[in-house]
Amino acid sequence: MTDDDAPVLLVTGGSRGIGAAICMAAAQHGWAVAVNYASNKEAAEAVVGTILDAGGEAIAVAGDVGKPEDIKAIFAKVDAYFGRIDGLVNNAGVVDVIQRLDEMTPERLDRMFRINISGTMLAAAEAVRRMSTLHGGKGGVIVNISSMSSTLGGGGQYVDYAASKGAIDTFTIGLAREVAAEGIRVNAVRPGIIDTDIHAAAGRPDRAREVAPQLPMKRVGTSDEVADAVLYLLSPHASYITGALLDVSGGR
Ligand code: NAP
């Protein structure tokens, strides 16, 4: 059963790391939450369980945002369960092992851009089809999770990932202007180095601890600190903010 009054938020990649923190913070702020995950059902169900235990509302929704048919299925499940959608956080994203550009394969680039760019854009398209007043919707809000790497370039580490986040910045500005008169705000948060599992996927599980001394604040950020910024942009406190790129990077 759903509480008809609660606004509904879909968080892609909500099972772990930054996405999980966003799901839990959103539930605390009164959102009913659809927790998307790619493969880690157990982690997604743990996030849902935490929200339900605290008296909130949540469901886990499987789906790989790198697959257009899965994105359709994710939104269909949200439609069927909640019957509405008011917010989307495009958080799902991947890195790959550290390589120079001249070592990268076409397959690596395809996967990176399919998940990080096309996944974000296709999910946003589904949200716009439902939220836009042009389509009979009531408006809504989209937050894309970019990265400070979009400004730093990722040289010597993963220029493909950084370029994918540069695309997210540009897309955020463009879509914000495209749908601004249709009741939808679109913003991005650009985290710096946050202590999550993502660094292990790049072959550097200790990256957060290693780089901390080089950061202006001499520490990495937490998923909760990113979630706070996302919740602000989702909220009516940000009602005149669209097309903004909010850095949550400790000055990096
Ligand atoms: P993470 O700990 O690796 O978690 C990734 C999450 O995304 C998991 O919930 C995972 O689901 C999900 N996911 C991965 N591929 C997916 C796909 N194809 N479809 C749907 N879900 C997928 O990552 P994170 O560090 O929290 O990063 C979250 C976002 O923040 C990403 O966009 C990342 O680029 C960005 N970011 C992170 C940092 C950082 O330092 N951590 C810095 C800047 C930006 P499963 O649990 O099912 O695998």
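Values below: all heavy atoms of this structure, side chains included; hydrogens, waters and symmetry mates excluded.
In this structure, Lys138 has no salt bridge (Lys or Arg N to Asp or Glu O under 4.0 Å) partners at least two apart in sequence or on a different chain. Applying the salt bridge (Lys or Arg N to Asp or Glu O under 4.0 Å) test to Glu210 and every residue at least two apart in sequence or in another chain returns Arg204. Annotation: side chain to side chain donor-acceptor pair (under 3.5 Å) contacts of Glu182 (sequence neighbours excluded): Ser132. In terms of the salt bridge (Lys or Arg N to Asp or Glu O under 4.0 Å) criterion, Asp224 has no residue partners (sequence neighbours excluded). Shown here are the salt bridge (Lys or Arg N to Asp or Glu O under 4.0 Å) partners of Asp195, two or more places apart in sequence or in another chain: there are none.
Membership of an apolar cluster is not assigned to Leu134, as no side-chain contact below 4.5 Å to another ILVMFWY residue is traced. Applying the 4.5 Å side-chain rule to ILVMFWY residues, one finds Ile193, Leu215, Val220 in the same cluster as Val211.
Rounded to the nearest 0.5 angstrom, Leu231 CG and Met24 CE are separated by 12.0 Å. Taking CG from Leu101 and CD from Glu103, the interatomic distance works out to 9.5 Å, rounded to the nearest 0.5 Å. Distance CZ/Arg111 to OG/Ser164: 10.5 Å, rounded to 0.5 Å. Here CD1 of Ile51 is found 9.0 Å from CD of Gln28. Values are rounded to the nearest 0.5 Å. To the nearest 0.5 Å, the span separating CD1 on Ile184 from CG on Leu175 amounts to 7.0 Å. Distance check: Met148 CE to Asp169 CG gives 9.0 Å after rounding to the nearest 0.5 Å.
Cluster membership for Ile18 and Tyr232, using ILVMFWY side-chain heavy atoms within less than 4.5 angstrom, is shared. Clustering ILVMFWY residues whenever any of their side-chain heavy atoms sit less than 4.5 angstrom apart, transitively, puts Trp31 in a cluster other than the one holding Leu10. Cluster membership check: Val8 does not share its hydrophobic cluster with Val143, using side-chain heavy-atom separations under 4.5 Å among Ile, Leu, Val, Met, Phe, Trp and Tyr. One hydrophobic cluster holds both Ile198 and Ile117 under the rule that ILVMFWY side chains link at heavy-atom gaps under 4.5 Å. Grouping the Ile, Leu, Val, Met, Phe, Trp and Tyr side chains by contacts below 4.5 angstrom, directly or via other members, places Val61 apart from Leu52.
Nearest heavy-atom pair, Val33 versus Ala27, reported as atom, atom and distance to 0.1 Å: CG2-N, 4.0 Å. Contact detail for Asp160 and Met104: the closest heavy-atom pair is OD1-CE, 3.5 Å. In terms of heavy atoms, Met131 sits closest to Gly140 at SD-CA, 3.7 Å. Pairing each heavy atom of Asn116 with each of Ile168, the nearest pair is O-CD1, 3.3 Å. Heavy-atom minimum distance, Ala60 versus Ala44: CB-CB, 4.1 Å. Nearest heavy atoms, Gly17 versus Thr196: CA-CG2, 4.0 Å.
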Taking only distance into account, with no hydrogens and no angle test, what donor-acceptor pairs under 3.5 Å do side-chain atoms of residues 240-252 form with protein atoms, sequence neighbours excluded?
{"unit_1": "Thr242", "atom_1": "OG1", "unit_2": "Val186", "atom_2": "N", "d": "2.8"}
{"unit_1": "Thr242", "atom_1": "OG1", "unit_2": "Val186", "atom_2": "O", "d": "3.4"}
{"unit_1": "Asp247", "atom_1": "OD1", "unit_2": "Arg190", "atom_2": "NE", "d": "2.7"}
{"unit_1": "Asp247", "atom_1": "OD1", "unit_2": "Arg190", "atom_2": "NH2", "d": "3.1"}

Atom pairs and distances, donor-acceptor, side-chain atoms in residues 66-76, under 3.5 Å, two or more places apart:
{"unit_1": "Asp70", "atom_1": "OD2", "unit_2": "Asp64", "atom_2": "N", "d": "2.8"}
{"unit_1": "Lys72", "atom_1": "NZ", "unit_2": "Glu126", "atom_2": "OE2", "d": "2.8"}

Side-chain atoms of residues 87-99: list all donor-acceptor pairs with protein atoms under 3.5 Å, sequence neighbours left out, distances to 0.1 Å.
{"unit_1": "Asn90", "atom_1": "ND2", "unit_2": "Thr120", "atom_2": "O", "d": "3.2"}
{"unit_1": "Asn90", "atom_1": "ND2", "unit_2": "Asn144", "atom_2": "OD1", "d": "3.0"}
{"unit_1": "Asn91", "atom_1": "ND2", "unit_2": "Thr12", "atom_2": "O", "d": "3.2"}
{"unit_1": "Asn91", "atom_1": "ND2", "unit_2": "Gly13", "atom_2": "O", "d": "2.8"}
{"unit_1": "Gln99", "atom_1": "OE1", "unit_2": "Arg108", "atom_2": "NH1", "d": "3.1"}

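Residue His135 qualifies as enclosed at atom NE2: its count of foreign heavy atoms under 6.0 Å is above 12. Open room surrounds CD on Glu42; 12 or fewer heavy atoms of other groups in view lie less than 6.0 Å from it.
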Worked check of side chain to side chain contact (heavy atoms under 4.5 Å, CB included) between Val141 and Leu233
CA-CA 8 Å; Val141 57; Leu233 290 171; 5.8 Å; no
Step-by-step side chain to side chain contact (heavy atoms under 4.5 Å, CB included) determination, Val11 to Val35
CA-CA 6 Å; Val11 181; Val35 181; over 6 Å; no
List the steps, then state whether side chain to side chain contact (heavy atoms under 4.5 Å, CB included) holds for Ile59 with Phe82.
CA-CA 10 Å; Ile59 56 165; Phe82 292 111; 3.7 Å; yes
Evaluate the side chain to side chain contact (heavy atoms under 4.5 Å, CB included) criterion for residues Val128 and Ile142: first the C-alpha distance (whole Å), next the side-chain angles of each, then the deciding distance (0.1 Å), finally the verdict.
CA-CA 9 Å; Val128 168; Ile142 297 173; 4.3 Å; yes
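The ring pair (Phe, Tyr, Trp, His ring centres under 6.0 Å) contacts involving residues 153-197 comprise Tyr158-Tyr161, where partners must be two or more places apart or lie in separate chains. Contacts classified as ring pair (Phe, Tyr, Trp, His ring centres under 6.0 Å) and involving residues 187-222 (residues at least two apart or in different chains) are not found.
The backbone N or O of Ala25 lies less than 3.5 Å from a partner atom in the side chain of His29, making a donor-acceptor pair. When atom types are taken as modelled, the side chain of Gln157 and the backbone of Gly154 share no donor-acceptor pair closer than 3.5 angstrom. Arg130 places no side-chain N or O within donor-acceptor distance of the main-chain N or O of Asp86, the cut-off being under 3.5 Å. Ser150 contributes no side-chain N or O that, together with a main-chain N or O of Ser146, makes up a donor-acceptor pair within less than 3.5 Å. With hydrogens and angles disregarded, no donor-acceptor distance shorter than 3.5 Å links the side chain of Asp206 to the backbone of Arg209. Under the 3.5 Å distance criterion, the side-chain polar atoms of Lys165 are left unmatched by any main-chain donor or acceptor of Ser147. Thr222 places a side-chain N or O within donor-acceptor distance of the main-chain N or O of Glu225, the cut-off being under 3.5 Å.
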